[in-house]
Chemist: 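Let me begin by handing over the structure; questions about it come next.
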Amino acid sequence: MLLYERVAATLRAQITRGTLRAGERLPSVRQLAQGHGVSTATAVQTYLQLEREGLAVARPRSGFFVRAATPAAPAARLPRRRAPGEVDNPALRSVMELLARSDLLPLHSATPAPDLLPRAALTGSLSRCLRRTSAAALDYAPPQGHFALRRLLAQRYAQVGAEVSAEEIVLTGGAMEAINLSLRAVTSPGDVVIVETPTYHGILQAVAAMRLKVLEVPTRPGQGIDVARLEQLLQQTAVRAAVLVPNFNNPLGSLTCDADKRALVESCDRHGTVIIEDDIYGDLAWSGQRPSPLRRWDDGSTVISCGSFSKVLAPGLRLGWVAGGQWSEVLARAKFFTTVGGNSLTQLAIADYLQRHDLERHLRRLRRTLADNGQRLHDAIARYWPAETRVSEPQGGLSLWVELPGGADSRVLFEQALNRGIGTSPGVLFSSHGDYVDCLRLSCGLVWDERMDHAMRELGKMAAASSNCPSL
Ligand SMILES: Cc1ncc(COP(=O)(O)O)c(C=O)c1O
């Protein structure tokens, strides 16, 4: 046995026995070398070996940590209601009050913490625009938005293989306005639309407000949208539009692969169903390349592509967009008669930021932190929550989806957590008819600290009490 294998065997045994527990820091490379009388190179090799075995994880500037055995992922579920019907979920009414609270540890909010945003650079861009271009910054923006930013967005689409022209882009107040305008452009009350299950509650509220009927297509942990089921639904029912989040959807964080994306665009095209794609998380892959938006496989005749800077620059800037393809004129008109135009200062400042700063560099750091947080939440769940708890394995995005054992009700846990100053998002918020009572969503966007560890321990105790399983 080689030297590093011998040291690795000792640590492995300590991890297996529970002497070293999930999430705990392992000795530094120097300590390990000294403790075992080996060179630092051997100590490094030891940790690389444990990393390969999935027993250790390196954290930038913090060292190596024990990695929890990966809990099983929740299984995909079929929606309870199979016929098209209006959204009927009273729980959705509570979201606004929940998001208005500033006194909670915001594990309920799928947003990057302020410390993870490029605040100084954005402040610089905002004040530069006010100083140098105040006439334009204080005037109405053109209805479609300032061309400089639309052109930069078209360039970003080109980088991921999608042909989108600056002329067809309309700047909006976030992705939510983009989705609302799109629904308004292509649907009428009573039309049937497809949404994923589980899906983001904002999409459900937009669909409900327009009195549309929904059909739900399962989106599967780790695999994304069930394209075969989608095709089946399209064959059975006339569906006007599908609002989909193929890249790192909220709440599962799953990614639909390229082959399935292409198939679903073809399917919708064949059935005359418009896809309203919400690509708000596309830039937040936890590893590997940024995945393509659906527009890569469409020329603007089937797919309307919506995006936003909320999850990568700052949600408070309220800047999103819609690349409307054949509907771009209708969308521009709708933007004009609803709000005249968008926020001029923000549009100019983001264009300035994109020209002066390296967005990719910021994204690399943000993606690393989110992936690290995802791992830490996994570790904390393995350590503090009931053993049968299931957890999604997100490939990107900002959230983790947790399934409680024993059919526990996450609304009870939600209320108890609120009393302790901790926010969670109960699973019932993510379906049109209140499914997923035993699930909850946690945010990966916070900065990890003692408070987070404590909150995860507290939540673990509550989860154990509500599911009658011992916490670990
Ligand atoms: C899938 C999805 N779409 C849209 C939004 C809202 O985006 P915006 O702030 O750009 O309106 C969110 C926010 O959580 C989201 O998760």
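For ligands, and for the atoms within them, numbers begin at 1 and follow the listed sequence. In this text, all values refer to a predicted model and were calculated from it rather than measured experimentally. Counting from 1, the numbers follow the sequence of the chain as shown.
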Chemist: Could you work out, with ring-ring contact (aromatic ring centres under 6.0 Å, His included) as the rule, every residue matching His454, not counting sequence neighbours?
Modeler: none

Chemist: Quick one: are the ring centres of Trp286 and Phe248 less than 6.0 Å apart?
Modeler: no

Chemist: Mind checking what makes side-chain contact (heavy atoms from CB on, under 4.5 Å) contact with Thr339, not counting sequence neighbours?
Modeler: Glu177, Lys335

Chemist: Mind checking what makes side-chain contact (heavy atoms from CB on, under 4.5 Å) contact with Asp352, not counting sequence neighbours?
Modeler: Ser125, Arg128, Cys129, Arg356

Chemist: Roughly how far, to the nearest 0.5 Å, is the CG atom of Leu459 from the CD atom of Gln416?
Modeler: 10.0 Å

Chemist: How are the rings of Trp401 and Tyr436 set relative to one another: parallel (under 30°), tilted (30 to 60°) or perpendicular (over 60°)?
Modeler: perpendicular

Chemist: Exactly which residues line ligand 1, taking a heavy atom under 4.0 Å from it as the test?
Modeler: Gly174, Ala175, Met176, Tyr200, Asn250, Asp278, Ile280, Tyr281, Ser308, Ser310, Lys311, Arg318

